A.B. asks: 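Please see the structure below; I have some questions.
Everything numeric here is computed off the predicted structure, so don't read it as measured data. Note that the numbering runs from 1 along the sequence shown for the chain.
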Amino acid sequence: EGGSNGNDGTFDRPFDTMDYAVGRCTASRGDVIMVKPGHVETVTAAGGLDLDVIGISLVGLGNGNLRPQINFTTAVGADMDVDAANISMTNFRFTGGIDALTGPIDINAADFSLTNFVTQDVTGQATDFIVTDDAADRFFLSGWKHRCLSSISRVRKAHRWTCIKR
C-alpha cells in the first residue's frame with residue numbers, strides 16, 4: 001500500500017512523508033524511521049524537512065538509485081534542517097532539482113551523524129550542499145559520494161567526497 005499520513009506508520013501501512021513521521025516520534029526514546037526504497041521526499045522551502053526530535057534515527061532502505069531520495073526543488077533556499085541533537089541518518093540520496101541551491105543540508109544541532117549517502121546535482125549545482133553552524137558540535141560524516149552534472153571527474157580525498165562523471 002502507498003503511504004498516507006492517515007496510516008498508522010507501520011511497514012505495511014507507512015506514512016506519506018518523512019517530515020510527518022518525524023513529528024510522530026518521541027524525543028530521546030530512540031525512535032527509528034525506516035524509509036522504503038524508491039520513496040521521494042520533495043522539499044520546496046527552507047525547513048521543508050525539519051529533523052527536530054532529539055535522538056531519532058532515519059534509515060533508508062534500498063541500494064543505488066533505489067535508496068530513498070530527498071529532492072530539493074522550487075526555491076534555492078529549500079533545505080532539510082537538523083534542529084535537534086543526537087540524530088542519525090544513513091543510506092539516503094539527496095538531489096538538487098533547482099540550480100544554485102544554498103545549503104540544502106543545514107545542521108544546527110550537536111551529535112548529528114550522516115553516513116552512506118549520495119548528493120547529486122540534477123539540474124544545476126549547489127553552492128554548499130552541507131552547512132553547519134556553531135551548535136553542530138561532533139558532526140560525524142562518513143561514506144559521502146557526490147555526483148556532479150559537470151563532465152569533469154574529480155576526487156578530493158581530504159574531504160572524502162567524489163564527483164562522478166555522468
A.B. asks: Taking atom CG of L49 and atom OG1 of T44, what is their separation to the nearest 0.5 Å?
C.D. replies: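 Reported to 0.5 Å precision, the distance equals 11.0 Å.
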
A.B. asks: Could you go through F117 and I70, starting from their C-alpha distance and side-chain angles, then the distance that decides it, and tell me whether this counts as side-chain contact (heavy atoms from CB on, under 4.5 Å)?
C.D. replies: CA-CA 11 Å; F117 69 103; I70 299 172; over 6 Å; no

A.B. asks: Which pairs with one or both residues in residues 46-62 pass side-chain hydrogen bond (donor to acceptor under 3.5 Å, both in side chains), sequence neighbours excluded?
C.D. replies: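 Those involving residues 46-62 are S57-S88.
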
A.B. asks: With a 4.5 Å cut-off on side-chain heavy-atom distances among I, L, V, M, F, W and Y, is there a chain of contacts connecting V118 to F72?
C.D. replies: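 No, separate clusters.
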
A.B. asks: Taking all atoms of both residues into account, what is the closest heavy-atom pair of I87 and L51, and its distance?
C.D. replies: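 Of all heavy-atom pairs spanning I87 and L51, the closest is CD1-O, 3.6 Å.
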
A.B. asks: Ignoring hydrogens, what is the shortest heavy-atom contact between T102 and G77? Give both atom names and the distance.
C.D. replies: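 Closest approach of T102 to G77: OG1-CA, 3.9 Å.
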
A.B. asks: With a 4.5 Å cut-off on side-chain heavy-atom distances among I, L, V, M, F, W and Y, is there a chain of contacts connecting V22 to L114?
C.D. replies: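 Same cluster.
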
A.B. asks: Return the CZ to CG distance between R67 and L61, rounded to the nearest 0.5 Å.
C.D. replies: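 It comes to 11.5 Å.
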
A.B. asks: My understanding is that a hydrophobic cluster links ILVMFWY residues whose side chain heavy atoms are under 4.5 Å apart, including indirect links. Using that, what else belongs to the cluster containing F15?
C.D. replies: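 Via sub-4.5 Å side-chain contacts, F15 links to Y20.
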
A.B. asks: Which heavy atom of R13 sits nearest a heavy atom of G6, and at what distance?
C.D. replies: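 Here R13 and G6 meet closest at NH2-O, 4.2 Å.
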
A.B. asks: Determine the minimum heavy-atom distance between V43 and G48, stating which atoms define it.
C.D. replies: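 It is CG1-CA, 3.8 Å.
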
A.B. asks: Could you give the distance from CD1 (I105) to CE (M89), rounded to the nearest 0.5 Å?
C.D. replies: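 The distance works out to 7.5 Å.
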
A.B. asks: Do other residues, nucleotides or ligands put more than 12 heavy atoms under 6.0 Å from N63 CG?
C.D. replies: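 No, not enclosed.
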
A.B. asks: Determine whether L66 and V40 fall in the same hydrophobic cluster, where Ile, Leu, Val, Met, Phe, Trp and Tyr are linked whenever their side-chain heavy atoms lie under 4.5 Å apart.
C.D. replies: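 Different clusters.
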
A.B. asks: A109 and A85: which non-hydrogen atoms are nearest, and at how many Å?
C.D. replies: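 Looking at all heavy atoms of both residues, the shortest contact is CB-N, 3.7 Å.
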
A.B. asks: Name each donor-acceptor pair under 3.5 Å that joins a side chain in residues 129-143 to protein atoms two or more places apart or in another chain, with its distance.
C.D. replies:
unit_1 : atom_1 : unit_2 : atom_2 : d
D133   : OD1    : A135   : N      : 2.9
R138   : NE     : D111   : OD1    : 2.7
R138   : NH2    : D111   : OD2    : 3.0

A.B. asks: Quick check: does any side chain N or O of D31 sit under 3.5 Å from a backbone N or O of I56, one acting as donor and the other as acceptor?
C.D. replies: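 No, because the side chain of D31 does not come within donor-acceptor range (under 3.5 Å) of the backbone of I56.
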
A.B. asks: Treating Q69 as the side-chain partner and T95 as the backbone partner, does any N or O pair qualify as donor plus acceptor under 3.5 Å?
C.D. replies: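 It does not hold such a pair.
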
A.B. asks: With no hydrogens and no angle check, is any side-chain donor or acceptor of D79 less than 3.5 Å from a backbone partner on G47?
C.D. replies: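 Confirmed, D79 side chain pairs with G47 backbone.
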
A.B. asks: Starting at CZ of R93, measure out to CG of N71 and round the result to the nearest 0.5 Å.
C.D. replies: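 So the CZ of R93 and the CG of N71 are separated by 8.5 Å.
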
A.B. asks: Answer with yes or no whether the side chains of N116 and N91 bring together a donor and an acceptor at under 3.5 Å.
C.D. replies: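 Side chains of N91 and N116: pair found under 3.5 Å.
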
A.B. asks: Would you sort out whether M80 and M18 count as a side-chain contact (heavy atoms from CB on, under 4.5 Å), showing the intermediate values?
C.D. replies: CA-CA 11 Å; M80 174 187 80; M18 291 169 54; 5.9 Å; no

A.B. asks: Transitively linked via ILVMFWY side-chain contacts under 4.5 Å: F112 with I54?
C.D. replies: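 Different clusters: F112 never reaches I54 through Ile, Leu, Val, Met, Phe, Trp or Tyr contacts under 4.5 Å.
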
A.B. asks: Which heavy atom of N65 sits nearest to which heavy atom of Q120, and what is that distance?
C.D. replies: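 Of all heavy-atom pairs spanning N65 and Q120, the closest is OD1-OE1, 4.4 Å.
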
A.B. asks: Taking atom CG of D16 and atom CG of D19, what is their separation to the nearest 0.5 Å?
C.D. replies: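 So the CG of D16 and the CG of D19 are separated by 11.0 Å.
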
A.B. asks: Quick one: CE on M34 to CG on L58, what's the gap to the nearest 0.5 Å?
C.D. replies: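 Between M34 CE and L58 CG, I get 10.5 Å after rounding to 0.5 Å.
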
A.B. asks: What do the steps show when you test D12 against T10 for side-chain hydrogen bond (donor to acceptor under 3.5 Å, both in side chains), and what is the final call?
C.D. replies: CA-CA 5 Å; D12 292 327; T10 63; 5.7 Å; no

